[in-house]
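Atoms within a ligand are numbered from 1 in the order they appear, just like the ligands themselves. Basis for what follows: all heavy atoms, side chains included, without hydrogens, waters or symmetry-related copies.
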Amino acid sequence: MTAAADPVKLMKQEVGKAAANLVKSGSIVGLGTGSTTAYTIQFLGDRLKSGELKDIVGVPTSFQSEVLAKQYGVPLTTLDAIDHIDIAIDGADEVDPQKNLIKGGGAAHTREKVVDYLANQFIVVVDSSKLVERLGSSFPVPVEVIPMAITPVINAIKKLGGKPELRMGVRKAGPVITDQGNMVLDVTFDNIDDPVNLEKTLNNIPGVLENGIFVNCADLVLIGEVKDGQPLV
Ligand code: 5RP
């Protein structure tokens, strides 16, 4: 099967494109991180090139989205130069029925949280495999930790009942290092009954920079699926 004919890739493209089509000329746009939002950034570039979309600026949520924006010709700005974000488009690793999310599969959740929460409208782009009844059922909670605090943070998380695992990079040559120079713990909990409280509790541990639970933040979730080999949004 060629990459172009892969229905999952096609479906991600369709979801990414549907989100890109929601962006209006003159907007300040939060650019999410991941394989789905990569397509959004690509389609924003296409719309700009065709002249159908004008005068947008993007706020990247990671080095990856910054590189993609430059590659596809989406002009960039920083949070120091603007006073609002009109729309942010970002992926997720889990979405519950209340539109609460787990993010950070790409270790970018800290910047993503800043940008996504600032946006007047936050659109989530996922495939249907990301939908869960309860957060934490299929994906651990990513927690970004400053390196000198990794041991006390691991101990504190264990006391909360979590099972933390240091995220390792490709070929396990060393830990994944975030854009901020920190490490990531992937924490499994038996049950996340109260995501609102867990988000706060984790962030209260000294040495934790940010965790990947996003509550009361998403406005719209665009869901892609493959039906009979065809991509649907
Ligand atoms: C990165 C993220 C991503 O948005 C999330 O992992 C989803 O990525 P993908 O679209 O590749 O499934 O939170 O930190």
Side-chain angles (χ1 to χ4, degrees), residues 3 6-20 29-44 58-69 85 87-96 99-119 122-132 135-145 165 167-170 175-188 195 199 202 208-215 217-226 231 233:
D6 178 344
V8 175
K9 275 196 182 161
L10 285 173
M11 178 265 292
K12 285 188 181 208
Q13 277 180 11
E14 290 304 314
V15 184
K17 190 177 186 174
V29 188
L31 303 173
T33 300
S35 56
T36 320
T37 43
Y39 290 118
T40 301
I41 297 171
Q42 183 180 351
F43 283 116
L44 285 174
V59 184
T61 54
S62 61
F63 182 66
Q64 183 210 41
S65 58
E66 184 179 332
V67 168
L68 287 171
I85 294 174
I87 181 169
I89 299 166
D90 209 343
D93 302 297
E94 279 191 350
V95 183
D96 79 5
K99 300 199 285 277
N100 297 319
L101 317 173
I102 288 183
K103 288 185 49 53
H109 57 279
T110 298
R111 289 194 196 186
E112 290 174 329
K113 199 176 267 192
V114 174
V115 170
D116 297 345
Y117 272 80
L118 269 177
F122 173 31
I123 314 281
V124 182
V125 284
V126 289
D127 62 80
S128 55
S129 71
K130 310 282 184 73
L131 304 180
V132 295
L135 290 186
S137 18
S138 62
F139 205 86
V141 180
V143 178
E144 180 166 356
V145 182
E165 210 171 289
R167 191 181 298 180
M168 299 300 282
V170 254
V176 163
I177 301 297
T178 69
D179 287 352
Q180 290 70 242
N182 296 316
M183 296 178 187
V184 175
L185 294 172
D186 287 309
V187 185
T188 307
E199 184 197 12
L202 287 170
V208 168
L209 180 59
E210 190 53 84
N211 71 80
I213 298 175
F214 287 45
V215 289
C217 176
D219 295 299
L220 177 70
V221 182
L222 294 179
I223 304 158
E225 59 182 332
V226 178
V233 180

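Shown here are the side-chain contact (heavy atoms from CB on, under 4.5 Å) partners of Ala69, two or more places apart in sequence or in another chain: Leu31, Ile41, Val74, Leu76. Scanning for side chain to side chain donor-acceptor pair (under 3.5 Å) contacts around Thr188 gives an empty result, with sequence neighbours left out. With sequence neighbours excluded, the residues satisfying side-chain contact (heavy atoms from CB on, under 4.5 Å) with Asp179 are Ser62, Phe63, Arg111.
Smallest separation of non-hydrogen atoms from Phe122 and Asp219: N-OD2, 2.7 Å.
In this structure, the side chain of Glu144 does not engage the main chain of His109 through any donor-acceptor pair within 3.5 Å.
Within a 6.0 Å radius of CD in Gln180, more than 12 heavy atoms belonging to other residues, nucleotides or ligands are found.
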For ligand 1, find each of its N or O atoms that sits under 3.5 Å from a protein N or O atom, and tabulate the pairs with distances to one decimal place.
| from | atom 1 | to | atom 2 | distance (Å) |
| --- | --- | --- | --- | --- |
| ligand 1 | 4 (O) | Thr33 | O | 2.7 |
| ligand 1 | 4 (O) | Gly91 | O | 3.4 |
| ligand 1 | 4 (O) | Lys103 | NZ | 3.0 |
| ligand 1 | 6 (O) | Asp93 | OD1 | 2.7 |
| ligand 1 | 6 (O) | Asp93 | OD2 | 3.2 |
| ligand 1 | 10 (O) | Thr36 | N | 3.1 |
| ligand 1 | 10 (O) | Thr36 | OG1 | 2.6 |
| ligand 1 | 11 (O) | Ser35 | N | 2.7 |
| ligand 1 | 11 (O) | Ser35 | OG | 2.5 |
| ligand 1 | 12 (O) | Lys130 | NZ | 2.7 |
| ligand 1 | 13 (O) | Lys103 | NZ | 2.9 |
| ligand 1 | 13 (O) | Gly104 | N | 2.8 |
| ligand 1 | 13 (O) | Glu112 | OE1 | 3.2 |
| ligand 1 | 14 (O) | Gly106 | N | 3.1 |
| ligand 1 | 14 (O) | Ala108 | N | 3.1 |
| ligand 1 | 14 (O) | Glu112 | OE1 | 3.2 |
| ligand 1 | 14 (O) | Glu112 | OE2 | 3.4 |

